[in-house]
**Student:** 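Following this message is one structure expressed as structure tokens.
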There are 2 protein chains.
Amino acid sequence: MPPATTRSIPENAVASGGSRPVRVAEQIKEWVVARGLRAGDRLPSEPELIERFGMAKGTIREAMRILEAQGLIKTRTGPGGGSFVHEVSMERARALLGNYFYFKNLTIADIYQLRRVLEPELAASLAGRLPDTVLAELEDNIAHYDAPAETAAEEREQHINSLRFHALLARQSENDLLAFMIDFMAQMLSDLTVYRKLYAKPNLELWSRGRDYQARLVAALRDGDSEAARRIMASHMDTAQALMQEQEAEIRRNFIPG
Amino acid sequence: MPPATTRSIPENAVASGGSRPVRVAEQIKEWVVARGLRAGDRLPSEPELIERFGMAKGTIREAMRILEAQGLIKTRTGPGGGSFVHEVSMERARALLGNYFYFKNLTIADIYQLRRVLEPELAASLAGRLPDTVLAELEDNIAHYDAPAETAAEEREQHINSLRFHALLARQSENDLLAFMIDFMAQMLSDLTVYRKLYAKPNLELWSRGRDYQARLVAALRDGDSEAARRIMASHMDTAQALMQEQEAEIRRNFIPG
DNA sequence: CCCAATTTGTTCGTATGTATC
DNA sequence: AGATACATACGAACAAATTGG
């Protein structure tokens with residue numbers, strides 16, 4: 001198969017675009033789906049794929065890298081090694097979606113427009129459904145920002161800790177879509193660098209109200225009071241947004257130095 | 001270009017990275033960010049990268065495939081060709097995130113738990129802000145399902161058209177996060193395969209109410225009546241969810257090509 | 001229309017690294 | 001420790017696509 005490319009009609013009507021590794025990657029996906037392979041199942045070995053697709057090792061390897069980058073496979077060397085179907089992890093999905101928003105200019109207001117409606121929804125749906133271990137974990141987390149911050153660095157750390165509270169909560173949801181979105185937003189906010197104008201002093205009243213809300217929220221969740229949980233979370237979001245806006249927080253791409 | 005944060009890929013956090021192509025891809029990301037390259041800017045040529053990283057061509061190419069799979073670069077052959085920084089497209093981001101949910105078992109109820117709060121939010125924020133051209137486009141879209149469907153195929157086509165209405169609306173938002181999430185959910189619902197039980201007849205009343213809502217929504221958007229838009233969309237979501245649940249629609253799990 | 005230059009795309013042979021038994 | 005089975009990496013040569021003369 002020397003010329004390999006009969007310049008007539010693409011063999012595969014679908015996804016005829018892209019280089020060969022891209023097409024091979026698509027075909028492997030289809031093959032996996034057709035066979036009903038699940039996470040952990042092994043893909044054919046490199047030599048087998050070379051044989052099956054009639055292509056060189058390099059081409060096959062590039063295809064595997066594409067699937068790997070998407071988080072769909074993992075590869076191991078050694079005997080019993082090979083490539084295995086892998087469930088895309090939340091971390092990977094977060095990172096890939098983060099790439100998309102890297103090129104957008106999200107504001108605090110943008111993120112809170114969603115948080116203000118999604119977080120209360122989450123809270124309401126979790127009321128009365130959390131085991132004591134999780135409730136304890138949440139209370140434990142609150143303890144990390146029990147006292148007002150005295151320095152900017154401390155305040156930032158508290159902020160990140162309080163976002164962990166929400167990520168923790170998100171993970172408890174049985175709605176994977178809701179869980180992902182809330183976790184993603186918390187991650188985005190964690191990646192922010194907050195610049196406080198020098199003359200803007202910490203608003204202790206807002207801070208203590210925010211802290212208070214989380215404690216009351218845990219209580220409502222334990223009591224199974226769905227509507228109270230919703231209400232409290234809604235107020236908490238108001239406070240949190242006010243705090244961030246007051247600090248004139250700006251989204252800074254956290255890899256840009258200075 | 002996103003940072004090659006270790007947080008992005010915690011699976012490999014240990015041992016400071018995976019295979020060489022993966023590390024090279026990360027380094028190229030960092031290099032691009034450090035240089036402040038933006039969409040459209042050209043990356044070094046293959047021979048230059050080989051020289052710069054002291055690695056074989058195949059290794060470099062695998063690295064480029066990784067970046068390409070993430071939607072971060074595009075590559076062209078020929079004079080003036082090479083690899084170029086590329087803004088991750090919404091389509092690509094959708095597909096990559098879709099891979100994550102391929103392994104989850106989202107239900108109609110899961111998606112609507114978010115739609116019910118996000119779509120009204122979108123509607124309210126767009127009221128009075130849409131140019132006549134867009135309003136006309138929306139009305140034009142409604143015309144595609146002006147008459148009740150007579151066959152299952154027709155009904156499915158109408159369903160997809162009505163989802164296009166929402167995708168169209170989403171694209172008008174200045175909040176890129178909200179826009180993406182709503183667009184993503186519409187896409188997920190479009191990808192559904194709807195299995196209607198044979199004995200379950202189309203519910204004409206629900207259908208006509210749904211259709212009516214979209215017309216009234218456009219009117220409210222034109223009038224700039226934000227709260228009416230929110231209310232109408234909320235009711236529309238109720239109807240739409242009822243329709244889908246009644247049809248016992250199921251999510252067809254499939255990788256989204258791209 | 002063809003030709004030449006430029007740049008990525010693909011192949012093959014070989015050698016090395018790594019994990020399992 | 002050594003053999004085995006697998007991916008990983010290298011390098012040279014050639015093919016294909018695109019642009020411009």
Side-chain angles (χ1 to χ4, degrees), chain A residues 1-12 15-28 32 40-69 71-86, chain B residues 9 11-12 14-28 32 37 40-86:
Chain A
M1 182 184 170
T5 341
T6 47
R7 276 294 82 209
S8 50
I9 292 177
E11 300 92 326
N12 22 352
S16 64
S19 55
R20 274 203 262 206
V22 172
R23 291 200 304 267
V24 170
E26 292 299 328
Q27 285 177 27
I28 292 177
V32 165
D41 290 341
R42 189 169 185 253
L43 271 63
S45 71
E46 233 173 47
E48 281 171 327
L49 289 171
I50 291 168
E51 167 74 14
R52 186 187 302 265
F53 290 99
M55 276 182 274
K57 194 165 37 191
T59 307
I60 297 295
R61 286 183 61 74
E62 287 182 33
M64 299 312 257
R65 283 286 112 80
I66 290 171
L67 296 176
E68 197 180 55
L72 293 170
I73 67 170
K74 290 281 188 199
T75 296
R76 291 199 310 265
T77 62
S83 294
F84 300 83
V85 177
H86 192 262
Chain B
I9 311 174
E11 296 100 322
N12 311 344
V14 194
S16 84
S19 55
R20 270 200 260 206
V22 172
R23 290 200 304 268
V24 170
E26 299 296 326
Q27 285 177 31
I28 292 177
V32 165
L37 297 194
D41 290 341
R42 195 178 171 213
L43 271 62
S45 70
E46 258 179 12
E48 282 171 327
L49 291 171
I50 291 168
E51 165 75 14
R52 186 187 303 266
F53 290 98
M55 275 180 279
K57 183 172 180 170
T59 307
I60 297 295
R61 286 185 58 77
E62 287 181 37
M64 299 311 260
R65 285 288 98 77
I66 290 171
L67 297 176
E68 196 180 55
Q70 298 178 343
L72 294 169
I73 68 170
K74 289 279 189 202
T75 297
R76 292 198 310 264
T77 62
S83 294
F84 300 82
V85 178
H86 193 262

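To find a chain, count down the sequence lines: A is the first, B the second, and so on, and within it residues start at 1.
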**Student:** Can a donor-acceptor pair be found, under 3.5 Å and without considering hydrogens, that links the side chain of A/Arg23 to the backbone of A/Gly18?
**Tutor:**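 Judged by distance alone, yes, a pair lies under 3.5 Å.
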**Student:** Rounded off to whole Å, could you give me the CD1-to-P distance for the A/Ile50 and C/dT11 pair?
**Tutor:**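 Atom CD1 in A/Ile50 sits about 10 Å away from atom P in C/dT11.
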**Student:** Out of curiosity, B/Ser19 OG to A/Arg61 CZ, how far, rounded to the nearest 0.5 Å?
**Tutor:**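 Answer rounded to 0.5 Å: 7.5 Å.
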**Student:** Base contacts versus sugar-phosphate-only contacts with protein, heavy atoms under 4.0 Å: please encode nucleotides 4-14 of chain D as B, S and - from 5' to 3'.
**Tutor:** BBBSBBB----
**Student:** side-chain contact (heavy atoms from CB on, under 4.5 Å) with A/Thr75: which residues, sequence neighbours excluded?
**Tutor:** A/Glu68, A/Ile73, A/Ser83
**Student:** Could you work out, with side-chain contact (heavy atoms from CB on, under 4.5 Å) as the rule, every residue matching A/Ser45, not counting sequence neighbours?
**Tutor:**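 With sequence neighbours excluded, A/Ser45 shows a side-chain contact (heavy atoms from CB on, under 4.5 Å) to A/Arg42, A/Pro47, A/Glu48, given in chain and number order.
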**Student:** With a 4.5 Å limit on heavy-atom distance, are the side chains of B/Ile66 and B/Gln70 in contact?
**Tutor:** yes
